**Student:** 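Mind having a look at this structure? Questions to follow.
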Amino acid sequence: MYRIEFNRLRFLVIDDNAHMRRIVRTLLHGYGAREVYEAEDGAAGLEAFTSYTPDIVITDWAMPIFDGLELTSMIRQPGANANPYVPIIMLTGHSEKRRVIEARDSGVTEFLCKPISARALYQRILNVVVNPRPFIKTKTFFGPDRRRNVNPNYVGPERRKGGKAEVIKAQPLLEKLRAPT
Amino acid sequence: MSKSKSDATVTAFHDHDVIVPKKNLKSFAQKVTADETEFDWEAIERAEAALNELSPEFDGWMISECDRLEAARKLLTTGGLSKGTTQVLFRAAHDIKGEGTTFGFPLAARIADSLCRLVFHTAKPAALPLDLIDSHVAAIRAVVRENVRGEDDPVACELADHLRVLTDNFLKDQHKDDPDWLAEYGTPSIVPE
């Protein structure tokens, strides 16, 4: 078991709903956090991100001015701000598969669906603290590695080129079917 | 080949870079037992207790969210059915969907989810059925007014299910010529709990 030193971590909570900000703040203080900053929209969130340099950002998706997705894209600009690698936890009522993939592709580190619970939020924070993922930069993406695990049983073309895992030979499906079981 | 930037180690490949930031948050965690998957339940229980202390506020907050939803509905009449006015309604419903369960009204959250679907998936604001929106708004208000907590009140459950069926039928009719939408609509969430 890991014990997180919440009292040393600095959080930024961005949500246009004051009730939800209060709930998240209450949970964070309950874990033991002391430094919790708040912002009520994406623009104020970006300003607070620059001013307070938080260790972890918790943001809503749907917000006025610019939303959590746009905020994430702005934070994930290499060289544009002090910490483009900051863990971003998206806390949202959106739960559709398409939305989750969109959030992942914008550079979100963890996705958490409302209704919020003390356990689920803790689990996301634990993950970003204890299991940091490397960042991947391509022409079209900059963010935490979208591959959380290496699947040893994967057969098929390797989309990332260069390096050791350039191509993994795919076993033709027909051959696979003919193989004795 | 790896090279070190001031804040990260970068390994370049043909079409991508792998970047390992020098700063990570591991130093903020201490391993206290061998089982790495075990949670610090004391911290979670403290947070639950803190939320419980806040809970006397929730009834008032839920009422104010219902007021907001009703004001957003009135805006559709005074401001007309536009992208702007329907977005205001969507946000109000979306907040109840997200908070309703925390505030003790999971059936209000379920009805708000149905209303969010209705607004979000109706491509043209002018096509939104106002009577169905009104039924959702009134149902959410009734759940709160009648203090229906939990998820097993038979009347409220039937109402929530009925509104969801009406919403699904309306949306499926709206998208009847869009096989991609029909295939994707209603697919289960992939978000882990």
Side-chain angles (χ1 to χ4, degrees), chain A residues 1-6 8-9 16-17 19-20 22-23 26-32 55-56 60 62 64 78 83 85 87 92-98 100-101 111-123 126 128-130 132 134-139 141 145 160-163 166, chain B residues 7-8 10-21 23-26 28-40 43-51 53-54 57-58 61 64-65 90-91 94-95 97-103 106 109 113 116 184 187-193:
Chain A
M1 182 185 87
Y2 284 95
R3 182 157 294 141
I4 299 171
E5 295 177 4
F6 279 94
R8 289 175 53 216
L9 284 168
D16 61 325
N17 188 297
H19 301 146
M20 188 46 73
R22 181 89 183 274
I23 287 168
T26 299
L27 290 172
L28 293 172
H29 284 317
Y31 299 137
D55 298 303
I56 296 175
D60 185 21
N83 185 11
Y85 310 116
T92 174
H94 294 306
S95 55
E96 303 89 347
K97 182 179 172 184
R98 187 174 59 81
V100 180
I101 291 169
F111 196 92
L112 177 55
C113 260
K114 293 172 187 171
I116 194 171
S117 73
R119 181 184 181 278
L121 179 61
Y122 177 87
Q123 195 264 327
L126 181 71
V128 300
V129 171
V130 175
F135 273 64
I136 304 296
K137 187 180 173 196
T138 70
K139 277 182 190 167
F141 173 75
D145 194 345
R160 287 180 193 165
K161 293 188 169 61
E166 188 167 358
Chain B
D7 58 348
V10 183
T11 307
F13 291 88
H14 174 68
D15 63 353
H16 67 283
D17 291 344
V18 176
I19 303 164
V20 179
K23 182 191 172 189
N24 66 46
L25 303 178
K26 273 189 165 176
F28 293 87
Q30 284 180 357
K31 199 171 175 180
V32 289
T33 64
D35 182 359
E36 293 185 5
T37 59
E38 194 190 344
F39 282 2
D40 180 357
I44 294 170
E45 279 164 17
R46 278 199 313 271
E48 280 171 348
L51 195 61
E53 273 183 36
L54 188 66
E57 306 273 352
F58 291 168
W61 291 0
S64 76
E65 294 292 2
F90 177 81
R91 280 218 190 90
H94 197 253
D95 281 351
K97 177 191 167 188
E99 297 167 336
T101 302
T102 308
F103 293 166
D113 176 34
C116 288
E184 197 187 322
T187 51
S189 168
I190 58 170
V191 185
E193 289 198 354

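Chain identifiers are assigned alphabetically (A, B, ...) following the order of the sequence lines, protein sequences preceding nucleic acid strands; residue numbering begins at 1 within each chain. Note that the structure is a prediction, hence the values are computed from the model and not measured. Worth knowing before you read on, the calculation uses all heavy atoms, side chains too, and leaves out hydrogens, waters and symmetry mates.
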**Student:** Counting neighbours of NZ on Lys26(B) that are heavy atoms of other residues, nucleotides or ligands and sit closer than 6.0 Å, is the number greater than 12?
**Tutor:** no
**Student:** Could you tell me which portion of Tyr122(A) (side chain, backbone, both or neither) has an atom closer than 4.5 angstrom to a non-hydrogen atom of chain B?
**Tutor:** side chain
**Student:** Find out whether Asp60(A) and Met20(A) are in side-chain contact, i.e. whether some heavy atom of one side chain is under 4.5 Å from a heavy atom of the other.
**Tutor:** no
**Student:** Looking only at heavy atoms and a cut-off of under 4.5 Å, which of Leu9(A), Ile4(A), Thr138(A), Ile116(A) has the most pairs with chain B?
**Tutor:** Leu9(A)
**Student:** Just wondering, do Tyr2(A) and Val129(A) contact through their side chains at under 4.5 Å, heavy atoms?
**Tutor:** no
**Student:** Between Thr101(B), Val32(B), Asn24(B), which shows the greatest number of heavy-atom pairs under 4.5 Å with chain A?
**Tutor:** Val32(B)
**Student:** Looking only at non-hydrogen atoms, find the nearest pair between Leu51(B) and Thr26(A) and report the distance.
**Tutor:** N-CG2, 3.8 Å
**Student:** Would you mind checking which part of Lys97(B) comes under 4.5 Å of any heavy atom in chain A, side chain (CB onward), backbone (N, CA, C, O), both or neither?
**Tutor:** side chain
**Student:** Without swapping roles, check the side chain of Asn17(A) against the backbone of His19(A) for a donor-acceptor pair under 3.5 Å.
**Tutor:** yes
**Student:** Identify which of Asp113(B), Val20(B), Thr102(B), Leu54(B) forms the greatest number of heavy-atom pairs closer than 4.5 Å to chain A.
**Tutor:** Leu54(B)
**Student:** Among all residues two or more places apart in sequence or in another chain, which pass the ring-ring contact (aromatic ring centres under 6.0 Å, His included) test with Phe58(B)?
**Tutor:** Trp61(B), Phe103(B)
**Student:** Under a 4.5 Å heavy-atom cut-off, does chain B meet the side chain of Leu28(A), its backbone, both or neither?
**Tutor:** neither
**Student:** Heavy-atom cut-off 4.5 Å, strictly under: side chain, backbone, both or neither for Glu184(B) against chain A?
**Tutor:** side chain
**Student:** When heavy-atom pairs shorter than 4.5 Å are enumerated against chain B, which of Lys139(A), Arg98(A), Arg22(A), Met1(A) gives the highest number?
**Tutor:** Met1(A)
**Student:** Applying salt bridge (charged side-chain N to carboxylate O under 4.0 Å, His left out) to Arg8(A) and Asp55(A), what does each step give before you reach the verdict?
**Tutor:** CA-CA 9 Å; Arg8(A) 289 175 53 216; Asp55(A) 298 303; over 6 Å; no
**Student:** Measure distances from Asp40(B) to the heavy atoms of chain A and classify the residue's part below 4.5 Å as side chain, backbone, both or neither.
**Tutor:** both
